[in-house]
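Worksheet for the structure shown next.
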Amino acid sequence: MALIILAVCVLGLIQRYTLTERKRETVKEANILATFAQGAVMEEKEAIAFLPETYSDTAGKRIMLLDKDGRVVLDTGDAAQKGKIMAAPYVLEAVSGKNTVFETETDGLHYLQAAVPVYSGHAIVGALCFKASTEDLYDYFDHIRFRLLVISICGSLLIGLFGVFISALFTKPISKVTGQIKEMSETDTRHLVHVRGGNEITELVSAFNLMVERINDIDARRQEFVSNASHELKTPLSSIKLICDSLLQNPETDRETVNEFLGDMNEQVDRLTRIVNKLLSLTKLDSSVEESEIFTFSTVNIGLLMQNVVKALLPLAQSKNIMIETRLDENVFLRVDADKIWEAVYNILDNSIKYTPEDGRVYAELYRDEKNVYITVSDSGIGMAETEINKIFDRFYRVDKARARETGGTGLGLSIALSAVELHGGYIEVESREEEGSLFRIVLPVTTDL
Ligand code: ADP
């Protein structure tokens with residue numbers, strides 16, 4: 001449409017410009033002829049003797065010479081007109097000293113007609129009417145019109161093709177993403193979408209890919225978690241099953257052995273209970289993140305909370321002859337969920353005792369600065385390699401599985417601690433060296449206004 005409108009405008013402009021130019025030339029030619037014609041009007045016919053041949057009607061031009069009364073003195077188109085009176089307005093205007101030029105159409109042919117005065121000195125002695133064909137111009141206009149039409153059609157086709165190409169370029173990635181979203185909602189498959197380029201669409205696609213990666217990651221972690229949890233639960237269950245089978249198959253077993261078996265079974269049940277309780281804690285923490293479950297916040301004296309944790313773990317420490325030293329600022333108050341922070345500190349202190357050999361030393365400290373509250377627990381225990389530090393917060397991860405089982409470890413304590421601390425906007429730092437000891441630092445922001 002735009003191209004066609006443009007073509008029509010261009011054609012109109014060319015026509016107007018060309019016709020104006022031709023009108024100017026026609027008036028100019030008429031005026032030149034008029035200077036030759038003055039003698040003819042004054043009866044000196046030789047002066048325009050050349051006119052009939054040059055300006056015959058067959059050349060597309062016609063000259064009519066009139067005296068100042070409008071009587072035809074010469075007509076190169078029709079000699080019979082001579083002597084007749086012409087009183088057309090343009091003749092009258094020419095006799096009164098005005099140049100006129102206008103377009104006319106005869107038998108479907110186009111002409112320009114000019115009428116100019118004929119002077120003798122300063123006096124007007126007649127008028128000269130000059131008629132010239134403009135068919136050559138109209139042929140030229142037809143030619144241009146045809147060209148513009150061809151250009152418009154070719155241009156429209158090109159623009160159309162280009163448009164189809166561009167829209168395909170933009171819509172292809174979108175339909176890829178839409179297809180992928182449909183597939184994701186109908187099946188379990190989640191693929192990344194690959195597109196090239198650097199526009200908003202590719203940004204959208206990369207955001208989508210990020211989301212897919214994240215979902216895949218969560219899915220993989222969930223699967224790993226379920227398989228780890230089943231595995232952890234299966235081990236004590238198999239032990240219990242084994243003990244039960246052996247007792248059932250040997251009804252004559254003596255009391256002492258039965259008691260020993262029951263003791264073992266009890267241990268396995270304790271272990272199962274520990275794992276299930278920790279799994280429940282984790283599930284609760286997870287749902288706190290996902291469903292923004294209401295925390296039970298209260299202003300807590302953190303020093304007091306830590307003292308209680310130490311008290312709860314004292315029997316375990318004493319059983320290994322481990323000294324727990326404390327240095328606790330008693331004026332640190334924070335708005336926290338006391339149970340969750342209690343569990344986090346408990347798990348970390350419990351680990352320090354568990355992973356410190358007999359006669360070792362555990363040190364708990366509490367201090368604060370303007371921004372944060374710091375709870376550090378350090379020990380002179382077995383420590384761990386630097387490469388392990390990043391992994392110990394993963395669910396069910398234990399550096400030494402056999403040793404952890406001995407100590408009753410589930411591999412869940414630290415993930416629970418981290419989730420609890422993160423829910424309060426904090427984080428946990430770890431420093432550790434093998435055979436030297438470890439330091440865990442819980443950092444909680446003072447403005448815990450959750
Ligand atoms: P677990 O129930 O096995 O203690 P955690 O999640 O609490 O599980 O800890 C994960 C692993 O991190 C432990 O199995 C242990 O290998 C390592 N770990 C944690 N605390 C300490 C520590 N104070 N000293 C050495 N190793 C530790």
Side-chain angles (χ1 to χ4, degrees), residues 221 224-225 228-229 231-236 267-268 270-286 306 309-310 312-314 316-317 319-326 340-365 374-423 426-443:
R221 281 168 64 178
E224 194 189 326
F225 178 72
N228 281 339
H231 181 74
E232 289 301 319
L233 293 171
K234 218 175 116 190
T235 321
E267 249 179 49
Q268 295 306 326
D270 281 348
R271 181 167 166 72
L272 271 177
T273 316
R274 262 199 317 273
I275 296 173
V276 170
N277 281 340
K278 291 205 166 174
L279 281 175
L280 281 173
S281 284
L282 262 182
T283 325
K284 264 195 205 161
L285 285 166
D286 283 352
M306 285 179 72
V309 175
V310 172
L313 284 167
L314 216 53
L316 179 67
S319 72
K320 294 176 80 179
N321 196 28
I322 291 172
M323 265 260 289
I324 306 181
E325 282 174 63
T326 54
K340 290 183 173 106
I341 295 297
W342 197 92
E343 200 169 4
V345 179
Y346 182 95
N347 288 350
I348 288 176
L349 195 66
D350 182 40
N351 279 348
S352 292
I353 301 168
K354 278 193 307 195
Y355 300 107
T356 298
E358 290 196 358
D359 306 322
R361 210 175 56 87
V362 170
Y363 179 63
E365 194 182 3
Y374 303 89
I375 300 170
T376 64
V377 175
S378 54
D379 61 59
S380 59
I382 58 170
M384 70 192 93
E386 193 145 353
T387 46
E388 301 288 343
I389 292 178
N390 288 334
K391 302 180 203 156
I392 55 174
F393 291 97
D394 291 348
R395 293 171 183 192
F396 293 109
Y397 187 81
R398 287 161 300 192
V399 175
D400 183 342
K401 289 218 174 209
R403 194 201 291 242
R405 215 159 280 141
E406 269 171 38
T407 56
T410 57
L412 293 170
L414 285 179
S415 11
I416 293 171
L418 184 64
S419 299
V421 169
E422 281 179 345
L423 278 172
Y427 56 95
I428 301 180
E429 291 174 339
V430 184
E431 293 162 25
S432 188
R433 263 168 204 261
E434 268 180 303
E435 305 305 332
E436 281 185 29
S438 316
L439 180 144
F440 285 77
R441 184 182 296 111
I442 299 176
V443 182

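Each residue takes its place number in the sequence, starting with 1. Start at 1 and go down the list; that is how both ligands and their atoms are numbered.
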Polar proximity ligand 1 side, Arg398 side, N/O cut 3.5 Å exclusive: no

Thr410-ligand 1 polar pair, N/O distance under 3.5 Å: yes

Contacting atoms of ligand 1, where contact means under 4.0 angstrom from a heavy atom of Asp379: 23 (N)

No-hydrogen, no-angle side-chain donor-acceptor test under 3.5 Å, Glu365 and Tyr374: no

4.0 Å heavy-atom contact, Gly381 with ligand 1: no

Side chains of Glu343 and Ser281, donor plus acceptor under 3.5 Å: yes

Sub-4.5 Å side-chain heavy-atom contact between Arg395 and Leu282: yes

Aromatic ring pairing Phe393/Phe440, orientation class (parallel under 30°, perpendicular over 60°, tilted between): perpendicular

Charged N-O contact under 4.0 Å between Arg271 and Glu232: yes

Non-hydrogen atom of Lys354 closer than 4.0 Å to ligand 1: yes

Nitrogen or oxygen atoms of Met384 and ligand 1 under 3.5 Å apart: no

N or O contact, Ser415 vs ligand 1, cut-off under 3.5 Å: no

Residues Asp350, Lys354: salt bridge by 4.0 Å N-O rule: yes

Atoms of ligand 1, numbered as shown, that sit under 4.0 Å from any heavy atom of Tyr397: 10 (C), 11 (C)

Numbered atoms and elements of ligand 1 in range of Gly411, under 4.0 angstrom, heavy atoms: 1 (P), 2 (O), 3 (O), 6 (O), 8 (O)

Those atoms of ligand 1 less than 4.0 Å from some heavy atom in Leu412: 6 (O), 8 (O)

Polar side-chain atom of Lys320 near backbone of Thr356 as donor-acceptor pair, under 3.5 Å: yes

Region of Glu388 that comes within reach of ligand 1 [heavy atoms, distance under 4.0 Å]: neither

Part of Phe440 with heavy atoms under 4.0 Å of ligand 1, whether side chain, backbone, both or neither: side chain

Lys391 atom NZ, neighbour heavy-atom count above 12 within 6.0 Å: yes

